[in-house]
Amino acid sequence: MSSCGCKVCIDMGSQFQATMGEMRVRTGELLFCLSDSLANSPISSQPCIKPDKWLKVDEILSELRLDNDQYVQVMDRMTESFNRGLSKEHNAEAAVKMFPTYVRSIPDGTERGKFLALDLGGTNFRVLLIDLKPGHEVRMKSKIYAIPQKIMVGPGRSLFDHIAHCLAMFIKEHKLEAESLPLGFTFSFPCRQEGLTAARLVHWTKGFKCSGVEGEDVVRLLREAVARTREYDIDVVALVNDTVGTLMAVAHKDSKCLIGLIIGTGTNACYMERLENVELWNEDYDDPKEVLINTEWGAFGDDGLLDNILTQYDKNVDEGSMNRGKQLYEKMISGMYMGEVARQVLVKLTKEKLLFNGEISDELFTRGQFYTKYISEIESDAPGDYTNCLQVLEELEIMSPTDEDCAIIRQVCETVSKRAAYLCSAGLAALLNKIDREEVTIAVDGSVYRFHPKVHNLLVEKISELVKPGLKFNVALSMDGSGIGAAIVAAVAERMKAQKRELNNDYI
């Protein structure tokens, strides 16, 4: 594979010149030079952004652009946070909690049978029926159920009763009343696990505020809600968070998969750690001497380690959130907040009369109305084409925007999403360096990764710059990972229980 270096001259009425260094992006086995596309970007296409205006826009956006040394610092501080979370001495005050998941093994290919999965991690949840067949074949039936806003912020009992009711409807629909299938429960919120089927919610994220749940065992709450229906029985054999499920779904086919990542409504990562490094481990040290760690890295920076790169936009987003001062790393990366960061910038540019002749619509001025999906849509436009951008602006009731306005908006979106991807890359590079294996696959799921046209490339680009020389990595989409993965965790749990029984029988 070859690389190239090039210089792109952007004529904006004066001799404004930008020099591009070597920038390589990998998509599968494809390498290409980013400057090929940047030469035709909105900045260089006609009509150009006026030079004096661009300099003012660029100055405002520069606050969101970090240099490589700053990303190295983020990576190093993330590693420091990982080690504090794993330490018995420092875990209590650590921002990144590094919870052991009690999942001790990835799939070995022998898992078979039918399993249920329940996937709760955002404003919707899914129920799945998974049938694992020979040859890594997975057959799936699933249904999505909404969680009304009033339930998201109401009593915890109402939330679990709603889940149990929807689960009952799914079981009836698929005529499973007579069976008691093993169920894997994906619960994608910070939990302190006390076993494979016991986990206490530490605190809510992603807009949930259900009372009476924090500090409680969520598996017990689910079982009690199911019992109240008096309609069916389930056997909850594993509780996992969505990152673990994401990892396991890819590991079912790829044994090198040791990291799971979510970039969606929220962000989190998990990875396989040696037991000797997990000082809070309170179970046996039998083989395999490793366990998946749920990092809960969305809270990175809550202890001040990101203060030097937080912008006023980030602070405004945090001030307006339901969990002020919490999940600061997540608020710079995830789909729940990225659009709001961009909106804050667009409002500032409009107030500075650099957009829309200084006239702002009520929609754009309203917090939360510039959705993260708008960023993906705007960046999906071909260079010089503003079809999606114009449609977004129409939804925001902004009439008659100029091409110059659209070009500036695109630059804002690209700057915000690139920072998000690069910050995520710093965390992933920290994990790859910590695992320190020759080749590792990173399983990824989440709406930001799935629908943003450049996030995959940006992740690969920045990880390549930060990871230790000689370490190889692959980034793979996990298809329905948080749902299928939960069932696979359940299957692995059943397989390991059977193996333990056989081992015990050998000693009798």
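Cation-pi check for K206 over F189 is met; the charged atom lies under 6.0 angstrom from the ring centroid and within 45 degrees of its normal.
Here K353 pairs with nothing under the side-chain contact (heavy atoms from CB on, under 4.5 Å) rule; sequence neighbours left out. Among residues two or more places apart in sequence or in another chain, the salt bridge (charged side-chain N to carboxylate O under 4.0 Å, His left out) test is passed with D381 by none. For K434, the salt bridge (charged side-chain N to carboxylate O under 4.0 Å, His left out) criterion is met by E273, not counting sequence neighbours. Under the rule for a side-chain contact (heavy atoms from CB on, under 4.5 Å), the partners of K150 that lie at least two apart in sequence or sit in another chain are P148. With sequence neighbours excluded, the residues satisfying side-chain contact (heavy atoms from CB on, under 4.5 Å) with A429 are M75, L466. For the side-chain contact (heavy atoms from CB on, under 4.5 Å) test, residues two or more places apart in sequence or in another chain that qualify with D52 are K50. Partners of Y313 according to the ring pair (Phe, Tyr, Trp, His ring centres under 6.0 Å) rule, which considers only residues two or more places apart in sequence or in another chain, do not exist here. Taking the ring pair (Phe, Tyr, Trp, His ring centres under 6.0 Å) definition, one finds that F185 meets it with F187, sequence neighbours left out.
By the 4.5 Å heavy-atom criterion applied to side chains, V345 and T415 are not counted as neighbours. Within the 4.5 Å cutoff, side-chain heavy atoms of K53 are placed close to those of E404. For the pair V218/V213, a side-chain contact is recorded, criterion being any heavy-atom separation below 4.5 Å from C-beta on. Contact annotation: the side chain of M98 never approaches that of R84 to less than 4.5 Å [non-hydrogen atoms, C-beta and beyond]. Looking at heavy atoms from C-beta onward, V460 lies in side-chain contact with F473 at the 4.5 angstrom threshold. Counting heavy atoms from C-beta on, the side chains of Q344 and F370 never come closer than 4.5 Å. Side-chain contact between C210 and W204 is present, with heavy atoms from C-beta onward closer than 4.5 Å. Inter-residue side-chain proximity for I106 and C257 is flagged as unmet; no heavy-atom pair is nearer than 4.5 Å.
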Worked verdict on N268 versus N294 for side chain to side chain donor-acceptor pair (under 3.5 Å): CA-CA 8 Å; N268 192 21; N294 167 25; 2.7 Å; yes
Could you walk me through whether Q193 and F99 pass the side-chain contact (heavy atoms from CB on, under 4.5 Å) check? CA-CA 7 Å; Q193 284 202 238; F99 297 124; 5.7 Å; no
Does Y337 form a side-chain contact (heavy atoms from CB on, under 4.5 Å) with M332? I'd like the steps, not just the answer. CA-CA 7 Å; Y337 304 100; M332 301 172 80; over 6 Å; no
Assess whether side-chain contact (heavy atoms from CB on, under 4.5 Å) is satisfied between I262 and T267, documenting all intermediate values. CA-CA 5 Å; I262 293 291; T267 184; 5.6 Å; no
Walk me through it: do S417 and E379 pass the test side chain to side chain donor-acceptor pair (under 3.5 Å)? CA-CA 9 Å; S417 63; E379 291 194 54; 2.6 Å; yes
Evaluation steps, side-chain contact (heavy atoms from CB on, under 4.5 Å), between L292 and M248: CA-CA 10 Å; L292 283 176; M248 295 293 273; 4.2 Å; yes
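Using the six-membered ring where Trp is involved, F82 and W297 have ring planes that are parallel, under 30° apart on the 30 and 60° scheme.
More than 12 heavy atoms of other shown residues, nucleotides or ligands fall within 6.0 angstrom of atom CD in E395. Residue E59 places its CD atom among 12 or fewer non-hydrogen atoms of other residues, nucleotides or ligands, all under 6.0 Å distant. For M479, the CE atom is loosely surrounded, since the number of other residues' heavy atoms within 6.0 Å does not exceed 12. More than 12 heavy atoms of other residues, nucleotides or ligands lie within 6.0 Å of NZ in K454, so this atom counts as buried by the packing criterion. Atom CD of E137 has more than 12 neighbouring heavy atoms from other residues, nucleotides or ligands inside a 6.0 Å radius. Within a 6.0 Å sphere centred on CD of Q312, other residues, nucleotides and ligands contribute more than 12 heavy atoms. No more than 12 heavy atoms of other residues, nucleotides or ligands lie within 6.0 Å of NZ in K326, so this atom counts as exposed by the packing criterion.
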Please tabulate, for side-chain N and O atoms in residues 299-307, each donor-acceptor pair with protein atoms closer than 3.5 Å (sequence neighbours left out).
unit_1	atom_1	unit_2	atom_2	d
D302	OD1	Q327	N	3.1
D302	OD1	L328	N	3.0
D302	OD2	Q327	N	3.0
D303	OD1	L305	N	3.4

Side-chain donor-acceptor contacts of residues 354-362 below 3.5 Å, not counting sequence neighbours, with atom names and distances?
unit_1	atom_1	unit_2	atom_2	d
S361	OG	L364	N	3.1
S361	OG	L396	O	2.7

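R419 places no side-chain N or O within donor-acceptor distance of the main-chain N or O of R65, the cut-off being under 3.5 Å. The closest donor-acceptor contact from the side chain of N91 to the backbone of L86 lies at 3.5 Å or more, if one exists at all. Remark: the backbone N or O of T265 is paired with a side-chain donor or acceptor of S334 at under 3.5 angstrom. T366 places no side-chain N or O within donor-acceptor distance of the main-chain N or O of Q369, the cut-off being under 3.5 Å. Using a distance-only test at 3.5 Å, with no hydrogens or angles considered, no donor-acceptor pair links the side chain of R367 to the main chain of E340. The closest donor-acceptor contact from the side chain of R192 to the backbone of A199 lies at 3.5 Å or more, if one exists at all. Judged by distance alone, with hydrogens and angles left aside, the side-chain atoms of Q70 form a donor-acceptor pair with the main-chain N or O of D67 at under 3.5 Å.
A donor-acceptor contact under 3.5 angstrom links the side chains of T402 and D405, judged on distance only. Using a 3.5 Å distance cut-off with no hydrogens or angles, the side chains of S188 and D242 do pair a donor with an acceptor.
Between atom SG of residue C166 and atom CD1 of residue I163 there is a gap of 8.0 Å, rounded to the nearest 0.5 Å. In this structure, CD1 in I484 is found 5.0 Å from CE in M140, a value given to the nearest 0.5 Å.
For the pair E290 and R437, the salt-bridge criterion is met [side-chain N within less than 4.0 Å of a carboxylate O]. Using a cut-off of 4.0 Å between Lys/Arg side-chain N and Asp/Glu carboxylate O, R77 and E80 are scored as not salt-bridged.
Taking all atoms of both residues into account, the shortest heavy-atom contact from L431 to A269 is CD1-CB, 3.9 Å. When all heavy atoms are compared, the tightest approach of I378 to C389 is CG1-CA, 3.9 Å.
Identified under the salt bridge (charged side-chain N to carboxylate O under 4.0 Å, His left out) test for residues 420-433, with sequence neighbours left out: none. The side-chain hydrogen bond (donor to acceptor under 3.5 Å, both in side chains) pairs that include a residue from residues 251-263 are D254-T441, K256-E439, where partners are two or more places apart or lie in different chains.
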